[in-house]
Structures are given as C-alpha cells and as structure tokens.
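A note on names: the letters A, B, ... follow the listed sequences, proteins ahead of strands, and every chain is numbered from 1.
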Amino acid sequence: MSSSNENAVEKPKHFIQHIIEADLASGKHARIHTRFPPEPNGYLHIGHAKAICINFGLAEQYGGLCNLRFDDTNPEKEEAHYEQAIEADVRWLGFDWGERLYHASDYFDQLYQFAIELIEKGLAYVCELGPEEMRAQRGTLTEPGQNSPYRDRSVAENLRLFEAMKNGEFEEGKAVLRAKIDMASPNLNLRDPVIYRVRFAEHHATGDRWCIYPMYDYTHCISDALEGITHSLCTLEFEDHRPLYDWFLDQVSVPCHPQQIEFARLELDYIITSKRKLNQLVQEGLVNGWDDPRMPTLSGMRRRGIPPEAIRDLIDRVGVTKKKATIELGLLETCVRDWLGPRAPRYMAVLDPIKVVITNYPEGEEEQLDAPLHSQNPEMGTRKLPFGREIYIERDDFMEDPPKKYFRLKPGGAVRLRYAYIIDFEQVVRDESGRIVEIHCTYDPDTRSGIGTSERKVKGTIHWVPARASQPARVRLIDRLFTVPDPDRRDEPFTAFINPEAMREMPEARLEPALSAIEPGQPVQFERLGYFTPDSHDHQPGAPVFNRIMTLRDTWAKKKS
RNA sequence: UGGGGCGUCGCCAAGCGGCAAGGCACUGGGUUUUGAUCCCAGCAUUCGCAGGUUCGAAUCCUGCCGCCCCAGCCA
C-alpha cells in the first residue's frame with residue numbers, strides 16, 4: 001500500500017514482531033493468538049484502530065488467530081448496543097474474528113472459582129473497609145500503606161463471607177474481595193488490590209445472576225489465559241499492572257500464562273480521543289451525533305468517506321513503539337489521498353457557481369462529450385458530458401484583478417474547459433449593484449479535447465458543469481474539527497477551539513449528470529476540488545448530499561500565503 | 001523525595017560496538033488538458049546533556065537533565 005516501489009526495501013520489524021518471531025523460533029509457541037478487548041461502553045475511534053490493526057494484523061501476518069472479546073465487567077457503564085457498533089467498526093476495517101466472539105462475562109463462573117482458589121491458598125480476603133477508609137490506608141506514592149484489619153481472617157471465614165457477598169448479603173461498598181499481596185509495595189497496584197466488588201446492577205449479558213463483579217486486573221489476565229492468548233497487547237498505562245497480571249496467573253490454575261506487552265497509543269494532532277470529551281461534543285450538540293463526519297470515531301470517518309484501507313495504511317506507516325508520539329494529521333491525509341488517487345473515478349462539480357455564456361455557441365444546441373473517468377487509467381472507462389451555450393464555473397476560477405501567476409480565467413485571458421474547449425474572455429455582466437452575475441466568453445471550436453485540430457495551448461484548465469443538465473446538490477466541506485493541534489492541553493476548555501468551519505455546506509453546488517449514479521460508499525474525485533462521497537444519512541437520489549472526504553494537495557494555496 | 005516508562009531531522013522511525021535506513025513534511029527542477037498525480041534532486045559531521053571504557057560508541061559504563069504514567073470498590 002505504502003511505497004511498494006522499485007527498490008522495495010523490506011519494512012523493518014517492530015519490537016513486538018521481534019518478540020513474536022523469537023517465540024516462534026524458540027518453539028515457545030507454535031502459533032500466536034491475540035485479542036482485541038474493547039469495553040462496550042462507547043464508540044470506537046481512530047485510536048482504537050491502532051489496537052485493532054496490531055492485534056488482528058499480527059495474527060494475520062504470523063498465521064495466528066485474534067479474538068474479539070468484550071471486556072464487560074462493569075455493569076454500570078456497559079450496554080449491549082455498543083457491541084453491535086464495535087463489531088461493525090472492526091469489520092469495516094477489514095478484520096474477522098471468525099467464531100471467536102467472547103465476553104469477559106462468559107468467564108464469570110470460572111472467575112468465581114479461581115477466587116475461591118485464591119482464598120483457599122490464603123491469597124485473598126474479604127475486606128469490609130469502606131472506599132474512603134481503603135483509600136486512606138493505601139498509603140501514598142512515597143509512603144507504604146497499612147494492612148487492613150480484615151487481612152488475617154481465616155480461610156473458612158473468607159470462604160463464608162465471599163459466598164455471602166455473592167448471595168447479596170452485603171450492601172454495595174460494604175465488602176470487597178482483595179488479593180493479599182503487599183501493602184508496602186512501591187507499585188500501588190500490588191497493595192492488596194480489590195478483585196471483586198458488590199454491585200446490584202443489571203448486567204447486559206448476565207442479567208441479575210450476579211451481584212458481585214470482578215475487577216479488570218483480575219479478569220483480564222485470566223480471560224487471556226482461558227482463551228489461550230499468547231501475546232496480550234495493551235497500551236502503555238498498563239505497564240504498572242503487568243506485575244499484577246503475572247501475579248494472578250502465577251497463583252491460579254490457569255492453562256497458560258500469556259505475555260503482556262505494552263505499546264504507545266495513537267495520537268494525532270487536531271483530534272481528540274477522550275471518551276468523555278467526545279461524549280461531551282455529542283451531548284452538547286456541538287456535532288450531530290457519534291457518526292458526524294467531523295468526528296474521529298470510526299463511524300464518523302466511515303460516514304465521511306475515509307477508506308478503511310487508508311486507516312490501515314496510516315497505522316502501518318506510524319509504527320509500533322513504546323514512545324508516546326503525536327502524529328501529524330497530514331500523514332492521515334496523505335494516506336487517504338494515496339488510496340483514493342489511483343482508484344476514485346473523476347467527475348466535475350462546481351461548488352460556488354457563476355454562469356458563463358459562450359456567446360458564439362449556437363443557442364439551443366448541446367453536444368455530448370466523452371470524458372475519461374480517470375485520465376491515468378483509461379480502463380476505468382468514460383462518461384458522457386453534455387456541453388452547451390451556458391455553463392457554470394467556480395466563482396474563484398475567475399478574477400477581475402488577478403495576482404501574477406494566476407492562470408485561470410481573467411479579463412483578456414483564456415482557459416481550457418476540462419474535456420471541452422478553450423474559451424476566451426469577452427466581458428462580465430453585472431447587476432444594478434455591480435455584482436458580477438455572468439461572464440461572457442467565446443469558444444474556440446478547433447480546440448475540442450481529443451479531436452481538436454488546433455495546436456493552441458493555454459496555461460490553465462478549469463472544471464465546469466453544464467447549466468441546463470447539471471443537478472443542484474448540497475455539498476459539505478469537512479475540515480479539521482479543531483483550530484489548534486492540541487485542544488486537549490490548553491488552559492481554556494477544548495470546546496473553545498472547535499473549528500466553526502469544520503463543516504461548511506455549499507447550498508448552490510451543481511453536479512455533472514453522471515454523478516447521479518453514485519451511491520453512498522462510493523468515493524469519487526471532483527476534479528481540482530478533492531474527494532467526495534454521498535452522505536449515508538441525507539443523500540437522496542433526487543436531492544444529492546455529498547461530503548468532502550479530503551481536499552487535493554494544494555500548492556497554489558500555499559504559495560499565495 | 002516511591003515505582004514504572006520514554007528521550008535519533010519539523011512529525012514518525014530503523015539502528016543493538018565499525019563509522020546515521022525509510023516514510024511524512026519541506027525546498028528546488030522536469031512531465032502534465034486536475035496549480036493534482038508522477039518523476040528526479042536536496043534535506044541529522046550527528047543521536048537529551050556531561051564524563052568514562054574502546055583503535056572505534058547513537059549503540060557499553062557512570063552521573064545528570066527533560067517528558068509521560070500510577071494513590072477508582074473504572075478499563
């Protein structure tokens with residue numbers, strides 16, 4: 001996808017690949033097995049795409065397997081409908097978990113039995129400290145914690161109390177099961193972490209069968225082991241949890257001991273991935289839902305028209321390391337253009353039209369031009385393009401008083417109309433207020449594209465649509481959601497940096513007729529403007545609505561500024 | 001002042017004792033009926049800093065400095 005050119009230098013392997021290859025070579029594993037473990041409490045965003053691509057991608061690359069597992073251990077936050085959305089997003093990215101769709105809640109019975117095993121080994125106890133007391137006794141970063149007064153209960157008593165917890169005999173907050181590790185550990189995670197808490201909440205998968213729920217650290221490692229995961233990949237903030245991950249697996253009779261490996265999550269400038277903040281955007285109506293095309297959610301990017309291949313390419317180019325890195329948005333833009341460039345069929349649309357009358361073109365006449373769908377790839381075929389006396393061009397493709405090097409239409413000048421003729425400027429027509437309402441030109445019949453006999457050359461070529469045969473449309477210009485690269489890390493709230501121009505609708509836009517056959521999901525290029533696709537919610541065959549996926553690279557705009 | 005990580009070009013990133021890959025961005029030039037694409041060229045005497053070991057260090061040692069994460073009965 002990226003640079004598969006001539007000298008095709010092999011892409012260097014990243015550290016996780018080194019680990020996997022060593023494990024395969026040493027015979028530690030015959031095949032690898034990974035998993036993508038989202039919590040079903042929100043929608044997936046571009047950051048999740050990295051975890052998805054790494055887990056599924058590595059399994060694919062080394063002939064292994066990757067499970068999809070919902071980490072549903074907190075009934076108060078999770079909801080079933082998120083699961084369907086997550087599944088759709090993972091599939092959209094092009095990955096498949098086969099029959100291996102699991103839930104942490106599938107293991108609640110086993111998790112309960114392993115907890116009993118820990119109690120029997122004297123490694124877990126029921127603690128009746130309240131949340132505040134427990135915090136007070138945990139110590140600080142520099143001071144050790146104190147042992148709970150309940151720490152030395154007998155195995156029999158712990159067994160009885162834990163069962164009482166399970167039977168609903170304790171109110172929420174009145175008792176937890178804790179691992180007995182070390183209250184003086186410099187790693188806070190090892191200071192007798194809670195492994196079960198009481199919650200009288202309906203769980204979306206297990207209903208009211210349980211009133212005690214296992215905590216993440218305890219659940220995750222055991223779930224991995226039960227699924228035969230070989231490499232448990234997660235983000236950097238879990239590094240401190242690895243000793244606990246290993247501790248549980250060492251104490252309990254699970255079938256294997258997966259290796260947890262941490263990598264840096266994906267960060268992009270001009271975007272945010274905080275669940276809380278994305279939710280705020282939606283709740284406060286700052287965007288139109290989770291799949292608003294401005295959103296960095298996978299559903300938003302899909303609706304905007306960004307190809308999943310471009311996202312996979314981005315992840316591929318960015319690499320996998322333990323160093324926190326913020327990638328420039330420009331790289332994503334490059335990936336999108338690289339994927340779409342050779343594939344998107346070309347059409348013409350005028351976003352902000354101004355009428356051009358070709359005064360020497362016979363009134364009432366019209367001709368059908370043949371225009372290639374992709375000038376570099378003739379195999380894509382052609383479409384018919386009606387041309388007549390009246391057409392529309394882009395308002396900013398004409399300037400009365402142009403700067404030097406402006407080679408579009410100007411007084412005294414000429415331009416080529418893409419796939420049609422060269423036209424010469426004649427005059428502008430104004431209304432009473434002096435506003436230009438029309439431009440009059442003449443065309444040069446010998447310059448028709450392809451079959452013209454003239455040797456005449458002009459510097460500029462502009463796009464256009466026929467006045468009569470073009471179709472009115474709403475076209476939304478999508479741009480970055482924020483005006484600063486780091487809206488997250490400012491003194492003002494991030495909402496202060498929302499880009500008011502992130503979605504501009506062009507109400508007067510007009511499309512060439514062939515565009516009426518394009519449906520949502522099909523990306524096209526509007527020549528000289530960018531890549532666009534019909535909006536999956538609002539587009540109607542008779543009333544088209546297109547979203548801009550990405551502009552074309554524009555060096556002219558750069559030179560001007 | 002505890003513990004765990006990370007510091008190689010503007011943004012990423014190879015490199016693992018033998019003398020700084022690659023991508024993106026940027027800059028110049030060529031092609032072009034998309035100021036797009038494509039092509040060609042340029043772009044770190046230097047690897048957070050300071051010492052040390054060595055014939056030789058981004059790579060080894062020592063000491064500093066900077067940044068990130070951890071005190072949920074969240075994940």
Counter-base of B:rC49, judged by Watson-Crick or G-U geometry with both distances under 3.5 Å: B:rG63
message: Using a heavy-atom cut-off of 4.0 Å across all strands, would you classify A:Asp71 as base, sugar-phosphate, or nothing?
response: sugar-phosphate
message: Centroid distance below 5.5 Å plus an interplanar angle below 30 degrees: do A:Trp556 and B:rG35 meet both conditions?
response: yes
- request: Tell me what A:Met134 touches on the nucleic acid: a base, only sugar-phosphate, or nothing, going by heavy atoms under 4.0 Å.
  value: base
query: Heavy atoms under 4.0 Å, any strand shown: does A:His241 hit a base, just sugar-phosphate, or nothing?
result: base
- prompt: For every nucleotide of nucleotides 5-17 of chain B, 5' to 3': is a protein heavy atom under 4.0 Å from its base (B), only from its sugar-phosphate (S), or from neither (-)?
  reply: SSSS-BSSSSS--
- prompt: Should the pair A:His241 and A:Phe238 be assigned to parallel (<30°), tilted (30 to 60°) or perpendicular (>60°) ring geometry?
  reply: perpendicular
- line: Across all chains, not counting sequence neighbours, the side chain to side chain donor-acceptor pair (under 3.5 Å) partners of A:Asp89 are A:Arg302
task: Tell me, please, which residues at least two apart from A:Phe407 pass side-chain contact (heavy atoms from CB on, under 4.5 Å).
output: A:Lys459
task: Send over the distance from A:Phe238 CZ to B:rG3 C1', rounded to a whole Å.
output: 18 Å
query: Does some side-chain heavy atom of A:Leu177 sit less than 4.5 Å from a side-chain heavy atom of A:Val194?
result: no
query: Does OP1 or OP2 of B:rG23 have a side-chain N or O of A:Thr334 closer than 4.0 Å?
result: no
- prompt: When the C1' atoms of B:rC43 and B:rA36 are considered, how many whole Å apart are they?
  reply: 24 Å
Salt bridge (charged side-chain N to carboxylate O under 4.0 Å, His left out) assessment of A:Arg265 paired with A:Glu237: CA-CA 9 Å; A:Arg265 55 159 30 103; A:Glu237 67 270 26; 3.2 Å; yes
task: Could I get the full list of side-chain contact (heavy atoms from CB on, under 4.5 Å) partners for A:Cys221, not counting sequence neighbours?
output: A:Tyr245, A:Phe248, A:Leu249
task: Please list, chain by chain and in numerical order, all residues satisfying ring-ring contact (aromatic ring centres under 6.0 Å, His included) with A:Tyr419, sequence neighbours excluded.
output: none
message: If I take atom CZ in residue A:Arg135 and atom C1' in nucleotide B:rC74, what distance separates them, rounded to the nearest angstrom?
response: 14 Å
- prompt: Quick one: is A:Arg553 getting a side-chain N or O under 4.0 Å of the B:rG35 phosphate, OP1 or OP2?
  reply: no
field: Integer-rounded Å distance: B:rG72 C1' and A:Asp240 CG
entry: 15 Å
field: Partner nucleotide of B:rU32 by Watson-Crick or wobble geometry (both distances under 3.5 Å)
entry: none
query: If the P atom of B:rG18 is compared with that of B:rA57, how far apart are they to the nearest Å?
result: 12 Å
field: Residues forming a ring-ring contact (aromatic ring centres under 6.0 Å, His included) with A:Tyr531, sequence neighbours excluded
entry: none
query: In whole Å, what separates the C1' atom of B:rG72 from that of B:rC60?
result: 43 Å
task: Would you give a per-nucleotide map of nucleotides 27-34 of chain B, 5' to 3', where B means the base has a protein non-hydrogen atom under 4.0 Å away, S means only the sugar-phosphate does, and - means neither?
output: ------BB
task: Mind calculating the distance between CD (A:Glu267) and P (B:rC68) to the nearest angstrom?
output: 12 Å
With A:Pro402 via side-chain contact (heavy atoms from CB on, under 4.5 Å) - residues at least two apart: A:Met399, A:Tyr406, A:Lys410
Pairwise 5' ranking along RNA chain B for A:Arg337 and A:Asp217, keeping only the more 5' one: A:Arg337
statement: Between A:Met215 and A:Thr219 the two heavy atoms that sit nearest each other are O-OG1, 2.7 Å
task: Report the base-pairing partner of B:rA41 (Watson-Crick or G-U wobble, both distances below 3.5 angstrom), or none.
output: B:rU27
field: B:rG66 versus B:rA50 - spacing of their C1' atoms, nearest Å
entry: 15 Å
Below 3.5 Å, can you tabulate the donor-acceptor pairs from side chains in residues 126-137 of chain A to any protein atom, sequence neighbours excluded?
{"from": "A:Glu128", "atom 1": "OE2", "to": "A:Arg153", "atom 2": "NH1", "distance (Å)": "2.8"}
{"from": "A:Glu128", "atom 1": "OE2", "to": "A:Arg153", "atom 2": "NH2", "distance (Å)": "2.5"}
{"from": "A:Glu133", "atom 1": "OE1", "to": "A:Gly130", "atom 2": "N", "distance (Å)": "2.6"}

task: For the residue pair A:Tyr107 and A:Tyr102, categorise the inter-ring angle as parallel (less than 30°), tilted (30 to 60°) or perpendicular (more than 60°).
output: tilted
- request: For nucleotides B:rC39 and B:rC47, find the distance between their P atoms and express it as a whole number of Å.
  value: 34 Å
- request: Measure from CD on A:Glu39 to C1' on B:rA75 and round the result to the nearest Å.
  value: 5 Å
task: Using a 4.0 Å heavy-atom cut-off across all strands, classify A:Leu129 as base, sugar-phosphate, or nothing.
output: base
field: Separation of B:rG2 P from A:Glu143 CD (nearest whole Å)
entry: 13 Å
task: With a 4.0 Å heavy-atom cut-off, tell me which residues in residues 181-201 of chain A come close to RNA chain B, sorted by residue number.
output: A:Pro186, A:Leu188, A:Val194, A:Arg197, A:Arg199
B:rU1 pairs with, by Watson-Crick or G-U criteria that keep both distances under 3.5 Å: none
statement: For A:Phe387, the ring-ring contact (aromatic ring centres under 6.0 Å, His included) test, sequence neighbours excluded, returns A:Tyr361, A:Tyr421, A:Trp464
Interatomic distance, A:Leu244 CG vs B:rC70 C1' [rounded to whole Å]: 13 Å
query: Once you round it to whole Å, what is the distance between C1' of B:rA75 and CG of A:Asp224?
result: 13 Å
message: Under 4.0 Å, counting only non-hydrogen atoms across every strand here, what does A:Tyr406 touch: a base, just sugar-phosphate, or nothing?
response: base
task: Provide the distance between the two P atoms, one in B:rU33 and one in B:rC19, to the nearest whole Å.
output: 47 Å
Distance, P atom - from B:rU53 to B:rA58, rounded to whole angstrom: 16 Å
Contact check, side chains of A:Ile549 and A:Pro523, non-hydrogen atoms, under 4.5 Å: yes
message: Please give the distance between the C1' atoms of B:rU62 and B:rU54 as a whole number of Å.
response: 16 Å
Syn-anti status, with the boundary at 90° from 0, for the nucleotide B:rG72: syn
message: According to side-chain hydrogen bond (donor to acceptor under 3.5 Å, both in side chains), does anything in residues 368-380 of chain A pair up with another residue at least two apart or in another chain? List the pairs.
response: A:Asp370-A:Lys384
task: Have a look at A:Thr555 and say if it touches a base, only the backbone sugar-phosphate, or nothing, with a 4.0 Å heavy-atom cut-off.
output: sugar-phosphate
message: Under 4.0 Å, heavy atoms only, any strand: does A:Gly130 hit a base, just the sugar-phosphate, or nothing?
response: base
- prompt: Paired with B:rA57 by Watson-Crick or G-U wobble geometry, both distances under 3.5 Å: which nucleotide is it?
  reply: none
